[in-house]
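Worth knowing before you read on, the calculation uses all heavy atoms, side chains too, and leaves out hydrogens, waters and symmetry mates. Each chain gets a letter, A, B and so on, in the order the sequences are listed, and its residues count up from 1.
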2 protein chains.
Amino acid sequence: MKQDLVQYSILGLLMDGKKSGYDLKNDFKNSVGSFYAPSFGSIYPILKKHEKNGYVIGKDEAVGKRKRTEYTITSLGKDTFLKWLKVPVAQHELQYSCDDILVKLYFYRYLPLKTRLALIKKLKDMSFENYYSLIECQKEISFPITDSRRWPLDWGVVSFYAYAKWLESIEDAYKKRGD
Amino acid sequence: MKQDLVQYSILGLLMDGKKSGYDLKNDFKNSVGSFYAPSFGSIYPILKKHEKNGYVIGKDEAVGKRKRTEYTITSLGKDTFLKWLKVPVAQHELQYSCDDILVKLYFYRYLPLKTRLALIKKLKDMSFENYYSLIECQKEISFPITDSRRWPLDWGVVSFYAYAKWLESIEDAYKKRGD
DNA sequence: GGGGACATGTAATTGGTTACATGATTAC
DNA sequence: GTAATCATGTAACCAATTACATGTCCCC
């Protein structure tokens with residue numbers, strides 16, 4: 001999934017208006033930058049690729065004498081992005097690599113409320129499932145709490161529980177809002 | 001750090017006895033495999049590289065007519081591994097990418113108790129620090145809980161709190177043991 | 001005798017980062 | 001005038017995965 005992440009994130013950032021490659025770099029920094037920040041060396045080539053695929057349209061704009069190429073997302077690009085966004089996070093992605101999920105989560109606001117809620121519910125359910133299955137694993141291993149071999153497992157247990165509870169609180173918030 | 005991870009992990013897995021490349025593949029699967037599992041295509045070349053660097057020594061062993069190359073870690077290899085292991089996890093690594101840390105954590109048992117404890121304490125302190133600083137960030141943003149733009153931040157808050165509390169419980173366990 | 005595990009290795013491909021190259025504009 | 005920021009792009013490099021290539025052993 002990782003390799004697609006840049007590509008879809010760029011489409012995601014273009015969802016709220018046309019931007020240059022330079023803008024995108026800053027946008028990454030100011031949004032999902034703390035866990036994912038691509039370099040110019042990947043942004044510009046991807047933009048070109050997106051244009052070739054018909055996902056974006058580049059237009060040279062002159063700001064004074066300084067020229068910049070602004071990219072607008074097409075409806076095909078939007079569909080492609082939304083299609084990716086709607087794919088629920090898979091169990092194995094949740095397993096331990098959170099970065100990709102965090103990026104996806106950030107863009108959930110572009111989904112209709114119902115879809116968003118369904119995906120959050122699914123994420124919550126998976127978190128609880130993972131939590132319970134790791135609890136089972138914990139029972140099977142005999143290492144004491146001070147043995148580092150069980151730490152990654154314990155880390156998983158505490159984080160899945162925390163995620164699940166937090167996702168539950170989001171669900172509750174939606175319910176209270178009554179949308 | 002990511003690229004070094006494979007290399008040090010291989011040294012780490014060789015810490016408790018000589019192994020072939022094939023063994024290592026299985027070992028990854030059975031230990032840190034759920035969050036990090038390299039392919040043969042990276043294991044074998046790294047083994048060769050390690051041998052060139054004097055970190056491991058490969059010896060052809062014949063099991064019947066089937067030959068396998070078993071690698072033994074050298075004292076230089078051990079030192080190199082331990083040196084890496086002793087480097088505390090940096091703040092930015094803790095930020096959101098947990099995989100690398102989990103791998104490192106798994107190998108902490110090769111460190112003397114005192115060092116291990118100090119590193120756990122440091123990790124705990126950083127988790128609390130991150131937790132408090134994210135709490136500050138939360139105060140500054142005005143998005144309601146139902147806005148997906150704050151979710152990555154919230155995710156960070158709940159996970160840092162969970163990690164910190166859990167690391168604290170490890171410390172307590174050590175104290176109770178009175179080592 | 002065939003499938004599956006054991007065992008090693010490499011070549012092709014992918015995809016990213018770093019560093020380089022270039023040049024305009026703005027603020028001091 | 002010079003440093004910082006704006007702005008775009010590419011070439012060299014690096015590291016990893018996939019797929020391929022090869023062959024043994026063991027059990028059914």
- [ ] May I have the distance from A/I43 (atom CD1) to C/dT18 (atom C1'), rounded to whole angstrom?
- [x] 14 Å
- [ ] Give one of base, sugar-phosphate or nothing for B/S39, where a contact means two heavy atoms less than 4.0 Å apart.
- [x] base
Open item on the list: If only side-chain N and O atoms count, and only distance matters, is there a donor-acceptor pair under 3.5 Å linking B/Y110 with B/R116?
Closed with: no
Task: Whole angstrom value for the distance that separates C1' of D/dG23 from CG of B/D60 - done: 15 Å
- [ ] Establish, with yes or no, whether the OP1 or OP2 oxygen of D/dC6 is under 4.0 angstrom from a side-chain nitrogen or oxygen of A/Y22.
- [x] yes
Open item on the list: If you compare every side-chain N and O of A/Y44 against the phosphate oxygens of D/dT8 (OP1, OP2), does one of them come in below 4.0 Å?
Closed with: yes
- [ ] Calculate the interatomic distance between B/N26 atom CG and C/dT8 atom P; express it in whole Å.
- [x] 11 Å
Open item on the list: Without decimals, in angstroms, what is the distance between B/K25 NZ and C/dA5 P?
Closed with: 13 Å
- [ ] Starting from C1' on C/dG9, measure out to CG on B/L47 and report it in whole angstrom.
- [x] 12 Å
- [ ] Look at all strands and tell whether B/G21 reaches a base, only sugar-phosphate, or nothing, counting heavy atoms closer than 4.0 Å.
- [x] sugar-phosphate
Open item on the list: For A/K49 and B/K67, find the nucleotide of DNA chain C closest to each by heavy atoms; which residue's nucleotide sits nearer the 5' end?
Closed with: B/K67
Open item on the list: Please compare A/K48 and A/R66 by the position of their nearest nucleotide in DNA chain D and report the one closer to 5'.
Closed with: A/R66
Open item on the list: Against the six-membered ring of B/W166, is B/K124 placed for a cation-pi contact (under 6.0 Å from the centre, within 45° of the normal)?
Closed with: no
- [ ] Would you kindly give the NE2-to-P distance between B/H50 and D/dA15, to the nearest whole Å?
- [x] 12 Å
Task: Given D/dT8, C/dT8, D/dG9, the nucleotide with the shortest approach to the side chain of A/S20 - done: D/dT8
Task: A/K25 NZ/CZ over A/F40 ring centroid, <6.0 Å and within 45° of normal - done: yes
- [ ] Can you label the angle between the A/F128 ring and the A/Y132 ring as parallel, tilted or perpendicular, going by 30° and 60°?
- [x] parallel
TODO: Could you state the atom-to-atom distance from OH of A/Y8 to P of C/dG15 in whole Å?
DONE: 12 Å
Open item on the list: Check this one for me: any side-chain N or O of B/S42 less than 4.0 Å away from OP1 or OP2 of D/dA15?
Closed with: no
Task: Residues clustering with B/V87 (ILVMFWY side chains joined when closer than 4.5 Å, directly or via others) - done: none
- [ ] For A/F40 and C/dT22, give me the distance from atom CZ to atom P, rounded to whole Å.
- [x] 18 Å
Open item on the list: Using a heavy-atom cut-off of 4.0 Å across all strands, would you classify A/R68 as base, sugar-phosphate, or nothing?
Closed with: sugar-phosphate
